[in-house]
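To keep things clear, I will list the structure first and then write my remarks on it.
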Amino acid sequence: MQQEELKASNEEIESSNEELEEQNAQIRQQSGELEKSKTLLEEKAKELELANRYKSEFLANMSHELRTPLNSLLILARSLASNETKNLTEEQVEEARIIHNGGLELLGLINDILDLSKVEAGKLNILSEDAYLDGIVKKLQQQFDPVAKEKNLAFPIAMADGLPAMLHTDAQRVEQILKNLLSNAFKFTEKGSVTLKIFRPDKQAELQRSSLDYESAIGFSVIDTGIGIEAAKFKDIFEAFQQEDGSTDRHYGGTGLGLTIARKFAHLLGGEIHVASEKGRGSAFTLMLPVKMSAREENGTPFAASDIAQENTRTELKTMPRASVAEFIADDRKNIDGRDKVLLIIEDDRNFAAMLVKIAHRRGYKCLAAGDGKTGLLLAVEQPVTAIILDLRLPDIDGMQVLDQLKHDLRSRHIPVHIITGRDAGGNVTSLRKGAIGYLIKPVEAEGIEGAFSRIEELLQSEMKQVLVIEDDENNRIAIQSLLKKKDIRLTLAGMGAEALAELEKTRFDCVILDLRLPDMTGFEWLEMAEKQMGATGLPPVVVYTAKELTEEENRRLNRYTGNIIIKGAKSPERLLDEVTLFLHSVESTLSKDQQEMIRMQHDPDKVLQGRTVLLTDDDLRNTFALSKLLKKHGMNVVIADNGKMALEKLKEDASIEIVIMDIMMPVMDGYQAMREIRGMRPRQGLPILALTARAMPEEQEKCMTAGANDYLTKPVDVERLLTLLRVWLFRQEMAA
């Protein structure tokens with residue numbers, strides 16, 4: 001009996017062992033298959049990484065190949081359209097404008113294609129930040145109000161109650177989506193209205209993405225009364241290059257890539273786009289976004305190949321602030337429109353600059369901050385700046401040079417500049433003569449800063465500028481009245497010194513025009529008495545306008561009060577107008593045409609470029625032709641090299657070269673190597689170099705600066721930016737000489 005039981009037990013054990021062996025064999029087989037799958041996945045990941053790298057390089061090269069010919073096309077078309085030689089007919093000028101506008105449209109399409117490709121390659125990153133909702137709406141209103149007026153359409157903006165003041169998202173991508181939706185709405189609407197409605201979705205809203213829920217989402221609806229879309233076409237319009245009406249005789253242009261990119265960008269931001277429409281009865285496109293982007297959207301994109309795509313992320317510079325103007329501290333540059341008061345702070349002390357920003361915000365200003373002189377000068381001419389606070393100790397350019405250049409540039413000379421600096425009071429008189437409205441020495445008490453803001457606001461709010469003219473000759477008084485005739489200037493005329501002192505007691509004047517020969521006293525005596533009378537308030541800026549030949553001693557005496565002595569003569573009316581408008585901070589556009597011409601004659605913006613020599617290095621003949629023509633028109637001498645090696649030879653041969661424009665992608669020797677070689681040439685180590693490239697990627701800027709560039713420009717060249725940078729760097733050299 002026991003033997004039978006043992007036998008049965010052994011049989012069961014053997015059976016179990018066989019089953020275990022079979023299971024082990026299956027596990028080994030599955031492990032082998034898993035190992036093969038893992039190896040296959042690793043190979044696929046490597047292939048994907050390689051494909052992404054190739055695609056990224058392809059995009060960079062395509063950017064270069066497409067933008068390079070556009071560069072010369074846009075520059076030459078713009079030059080022809082300006083018709084400066086007046087030898088083109090109106091029809092030819094209009095044709096040049098059409099070519100230029102067509103080039104800009106082509107550039108827009110190229111940018112769209114590159115954007116779409118980068119999204120699909122996982123090469124587009126998201127820059128999330130806090131963005132004011134009002135700021136986004138103001139920019140859209142500012143851009144599309146003129147379009148609505150031109151097409152005679154209503155453009156109401158309806159903002160619901162309870163909206164958040166701020167979104168945490170990529171504001172530029174949000175604006176890009178809404179601009180696409182609004183552009184299409186205006187394109188396909190001939191009468192009626194285009195409405196932008198901003199709201200909180202209710203519980204009935206059909207939200208599909210996990211990152212969205214009605215409590216933490218916001219909706220932007222673009223509603224038009226246009227041609228509408230058939231329901232069957234809803235899917236097609238979001239496909240690249242698909243159109244609702246694909247017929248050859250269609251009345252409207254297609255939507256191209258705009259909606260495709262808009263939908264992909266919406267997904268990157270954690271949102272979605274809904275469409276509702278009926279043929280012939282208008283459309284409503286609604287962008288739904290989370291008020292705060294989730295960590296998933298911030299840290300990566302749904303299209304990215306995990307860390308592989310993140311490793312080499314590229315973003316077109318057109319989606320970033322203009323190159324070279326880096327953010328010093330957090331400011332309001334992305335949230336400014338034409339109606340804001342904008343204070344530019346040029347100050348290299350981050351803590352003090354941040355404190356000024358806080359005070360300015362309390363007083364209703366939007367702020368721009370620059371930590372160096374060059375950035376300050378660029379912001380002053382490229383942004384709608386209302387007033388400037390300037391430090392004189394800056395890391396790159398002396399503050400006095402910055403003030404001088406601000407007051408020599410017709411685009412910025414009207415802006416009130418208040419000096420706040422650690423430099424001693426020796427610069428006080430000099431800065432006030434150059435057109436500053438005030439001077440404070442650090443450390444500054446709170447009352448002093450508040451006083452500086454009060455002085456700025458008093459000047460900005462003063463609709464009528466007060467000028468005291470002290471001149472006993474009737475004919476000269478009439479001539480000055482005629483010269484300064486302007487609706488916002490009130491002239492007070494005095495023929496005697498005592499009469500002028502009485503007027504000075506009653507009125508706060510913005511400027512005084514003084515003749516030195518008066519019936520009851522000399523101009524020197526008047527200045528002494530006026531200084532005592534004004535006391536701590538101080539004299540307003542004084543322009544001495546006289547026919548008297550001054551001795552060296554008299555010049556010294558006058559310099560105590562003013563550096564603006566104008567001797568009456570052939571050119572003196574122009575100089576008088578120039579000095580007075582400087583102290584009145586008059587915007588050039590508010591002057592008459594004759595007055596503007598007189599001011600321009602005194603301040604030729606190209607004066608600093610006249611006769612200066614630039615080395616233009618570019619292998620594309622179209623670009624060298626277009627750029628050399630542009631630079632020669634502004635008075636520069638141009639030396640041309642078609643590769644980096646030739647550029648080095650030109651620098652050794654020609655000692656007159658003062659600045660270099662260096663293309664990056666060239667045969668024989670590229671721009672990176674050429675710049676490194678130049679920085680190794682002992683006599684040329686400090687030569688300013690502006691890098692110029694059609695590869696508009698962020699890392700390109702860093703690579704150029706590391707190689708030795710002083711500044712960086714992308715193709716197609718922003719002509720005004722190029723000229724501004726040339727003026728800045730050549731002005732610096734001129735002042736240092």
On a heavy-atom basis, which atom in [X] and which in [Y] lie closest, and how many Å separate them?
X	Y	answer
P201	G219	CD-N, 4.2 Å
F453	L356	CZ-O, 4.2 Å
I415	A380	CD1-O, 4.0 Å
D663	L692	OD1-O, 2.7 Å
D396	K374	OD2-N, 3.0 Å
F328	E347	CE2-O, 3.1 Å

Return yes if some donor-acceptor pair links the side-chain N/O of [X] with the main-chain N/O of [Y] below 3.5 Å, else return no.
X	Y	answer
S277	G282	yes
D224	S283	yes
T386	K341	no
Q383	V385	no
D332	C367	yes
D711	L725	no

Find the distance between [atom1] ([X]) and [atom2] ([Y]) and round it off to the nearest 0.5 Å.
X	Y	atom1	atom2	result
Q141	D134	CD	CG	10.5 Å
L377	T724	CG	OG1	9.5 Å
L344	I388	CG	CD1	5.0 Å
L722	L713	CG	CG	6.0 Å
L212	E272	CG	CD	5.0 Å
K36	L41	NZ	CG	14.5 Å

Would you mind reporting whether [Y] and [X] have side-chain heavy atoms less than 4.5 Å apart?
X	Y	answer
T225	L153	no
I198	I218	yes
F265	I273	no
F220	T286	no
T195	V222	no
L167	K292	no
D372	L394	no
F352	I420	yes

task: Would you please classify the geometry between the F144 ring and the F186 ring as parallel, tilted or perpendicular, with 30° and 60° separating the classes?
output: parallel
query: Hey, are N180 and S183 close enough side-chain-wise for a donor-acceptor pair under 3.5 Å?
result: no
May I ask you to say whether [X] pairs ionically with [Y], meaning some side-chain N is under 4.0 Å from a carboxylate O?
X	Y	value
K366	D331	no
K151	E190	no
E450	R363	yes

- prompt: So with a 6.0 Å cut-off around NZ of K139, is the heavy-atom count from everything else above 12?
  reply: yes
message: Atom CZ of residue position F199 - does it have more than 12 heavy atoms of other residues, nucleotides or ligands inside 6.0 Å?
response: yes
statement: The side chain to side chain contact (heavy atoms under 4.5 Å, CB included) partners of D202 (sequence neighbours excluded) come to Q204, A205
task: Could you walk me through whether Y672 and M665 pass the side-chain contact (heavy atoms from CB on, under 4.5 Å) test, one step at a time?
output: CA-CA 9 Å; Y672 300 122; M665 295 186 71; over 6 Å; no
- prompt: Step by step, would you call I449 with I359 a side-chain contact (heavy atoms from CB on, under 4.5 Å)?
  reply: CA-CA 9 Å; I449 296 175; I359 296 171; 3.6 Å; yes
With L140, the side chain to side chain contact (heavy atoms under 4.5 Å, CB included) member among V174, L182, D145, I157: L182
- prompt: Which is it for F285 and H274 under the side-chain contact (heavy atoms from CB on, under 4.5 Å) test, yes or no, and what are the steps along the way?
  reply: CA-CA 6 Å; F285 284 82; H274 301 175; over 6 Å; no
- request: Check the pair N152, K191 against side-chain contact (heavy atoms from CB on, under 4.5 Å), reporting the backbone distance first and the verdict last.
  value: CA-CA 7 Å; N152 200 26; K191 58 183 179 179; over 6 Å; no
